[in-house]
Amino acid sequence: MGKFYVTTPIYYVNDKPHIGHAFTTVAADILARWHRLSGDDVFFLTGTDEHGEKNQKAADAKGKTPQEFVDELAVVYKDVWKKINISYDAFQRTSSATHEAAVAEFVSRMEKNGDIYKGDYEGWYCTPDETFFTELQLVNGKCPSCGREVKKIREESYFFKLSKYQEKLLQYYDKNPEFLSPSFRADEIKNRVKDGLKDLSITRTAVKWAIPFPSNKEHTIYVWVDALISYLSGIGWPSGKSDSNNDARAYWPASVHLVGKEINWFHTVIWPAMLFSAGIEPPKKVFAHGWWTVDGKKMSKSVGNVVDPVEMADKYGADAFRYFLMREKPLGEDGDFSEKALIARINGELASDLGNFISRVVTLASRFDGKIEGTPELNVHLNAERINALIDNQELSVALEEIWLFLKSANKYVNDKSPWDLSGKELGNVLYNLIEAARIISILISPFMPETAVKINSQLGVHAGTLKDCRFTDFNGKITKGEHLFNRVQ
RNA sequence: AGCGAGGUAGGGUAGCAAGGAGUGCCCGCCGGGCUCAUAACCCGGAGAUCGGUGGUUCAAAUCCACCCCUCGCUACCA
C-alpha cells in the first residue's frame, strides 16, 4: 500500500472544458479510483490556471476585475467535473493566496541558488494578434497565424538558467526511464535536450494579472512557471496550508502528471529543471496523452465541432461517455471521436455485452428459490493481476479489453450451461458462478463507470467491493431485478 | 528542414525490441444454434500481394537499405 499522487494539468480558464480536458481528467480520475480500490493512499489534484493577459483583457471587456472573471470560470470547471463524476481531492487555483505564496517561495529558492539573472528578452510581436513569436516560428518572416508583418521587440526580463541543467536532465531520464511516458515520446524529448537548451525568460513587464516577481516588483512571473508550481502548492507546499485545508506535502514526488502532448516539453524539461534548481525531487512520471479529432477533423471553434462533455453526459450518460473515452484509443495515441462510434460502443459493449449479461443473470437468479452456492469454474477466465498491471502502466483501453474478455466468457458460460434446462444444486452452481462473475465485474468497472457499478451492486444486493474482493468467494447478496443498465440507442 | 510516430481483410487495431505457416481482437458482412436476456447471447464462414522496391536468412509483417504516403513536435507574454 503506497502513496499515489496523480495530477491533471491545471487548465487555462479562457473557455469552458471540451472533450480534451474531459479526457485527461477522466483518465486521472480512473487512476485515482483504481488506486483507492487497491488500498493505496491517494491524492488527486486538478485545478485552473488563471493568470495572463488574455484573462485580463477578457475581464476588462466585460467590465469586471480579473479576479471576478476567473472566479466565475473556475466554477464552470468544477460543475463539469461534478457532472462526469470526477473524484478530485483538491482543486487548485493559481489566483489563490496559498498558491501565490508558494510561487514566491519557489522562485526565491531558484534565485538563491544563483539560477536567475537579468537580461533582455527579444521576440517578434504581431500587433493585431497580440502574440509573441520566436524567430523559428515565423513563416517567411511573417506571423505564422495571420501572415501579417511582425516587429522585433526587446524588453528587460529575468532568465532562468535552464541551460545549466541539460546534463542533469539527461542523466535523470536515463536513470528513470518511466519518467518520459509513453516510451515513444522519450527519444523526442531526449534528442531535443541534447541539441541544447536555451535559458528561459521567466518574467514579464507588460502582464499585470500575474504573480509579482519577488525581488523586482516591476516584473511579474511568466504564467507557465506560475502554473507548474501548482502541483506543489496544491498539496500544501511549502507551509502545510493549502486551499483544500489539507496538508498533503507527504505525497510529493507526484506518481504521475497526466498532460497533453502539446505541453510535454514544459513538464519533462522545464519543470524538472525548476525543481532541481529549488532543491526538490522531480515527479516520478510524466505521461503525455494524445489528442482527439472529431469526425476525422481537427477540433476547432471555427469548424464548430468542439465536443461538449456536459452535452454528451446529458445525452448518453456520464458513464457511457467516460467508458468511450477510455476504450476508444490508447491514452498516449491520437484518436477520433464521433457520436456514431460512441453509439456503436454503447449498443455493442455496454447494452449488449454488459447490460444484457446482468439482465439475464439477475432474471435467472431471481427465479431460483434454492441457495446460490457452488464451486468456482469461471474464475479461470479472470486475470485480475494483468488488469492491475495494465492500469498501473496507464494502458486503460487494454485493461477494459481484458475485463470484457472475462465478461464474454461469462456470457458464453450461460449458453454452454443452458441454466434454463437445469434445476436444484446444478442450477445453484451455475448461478453461483454467474453472480460472482457479475459482482467481480462490477468492482473492476467501478473506476471507469462508478454509477453503473452502484446499479449492479444494488441488483445483486451487495456492498461495493475493493480489489481484494475480486475473487470467487461465498455469495451473500439478495437479488432484486432492476432497470436495464444501458438502453440501446436507435 | 530537423526530430519523432505510423502505413496489417470493408473500417479500426494487436503482433514487430528477442525472425519460424498471415496468428489475434472489435465493428461490419454471410450462414447456423439457443430461447434466460435489452431482436440480445453463443458457434461457424468469407474477406489481406502485412505501403513499395531491393537485400540478409533455410525462413521476413518482424532485421537492413532506399523510396512513397499520413500525422505530430520544433520551447518562452498559455
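These figures come from a predicted structure and were not determined experimentally. Just so we're on the same page: letters track the sequence lines, and every chain starts at 1.
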- prompt: Can Tyr12(A) be called stacked on A78(B) when the rule is centres closer than 5.5 Å and an angle between planes below 30°?
  reply: yes
task: Using distance alone, with no hydrogens and no angle criterion, decide if Lys481(A) and Thr363(A) have a side-chain donor and acceptor under 3.5 Å apart.
output: yes
query: Is a donor-acceptor pair below 3.5 Å formed from side chain Glu155(A) to base C77(B), judging by atom type as modelled?
result: yes
task: Determine whether any donor atom in the side chain of Asn415(A) lies under 3.5 Å from an acceptor atom in the base of C34(B), or the reverse, and answer yes or no.
output: no
query: Between Ser157(A) and C77(B), does any side-chain N or O lie under 4.0 Å from OP1 or OP2?
result: no
Return the nearest nucleotide to the side chain of [X]; candidates are [options].
X: Arg204(A); options: C77(B), U38(B), C73(B); answer: C77(B)
X: Lys412(A); options: C77(B), A75(B), C42(B); answer: C42(B)
X: Arg488(A); options: U38(B), G72(B), C41(B); answer: U38(B)
X: Leu197(A); options: C77(B), U38(B), A75(B); answer: A75(B)
X: Trp420(A); options: A78(B), C41(B), C34(B); answer: C34(B)
X: Asn356(A); options: U74(B), A78(B), U38(B); answer: U38(B)

message: Under a 4.0 Å threshold between the charged nitrogen and the carboxylate oxygen, would Lys57(A) count as salt-bridged to Glu53(A)?
response: yes
- request: Indicate the ring-plane relationship of Phe23(A) and His289(A), choosing parallel, tilted or perpendicular according to the 30° and 60° boundaries.
  value: perpendicular
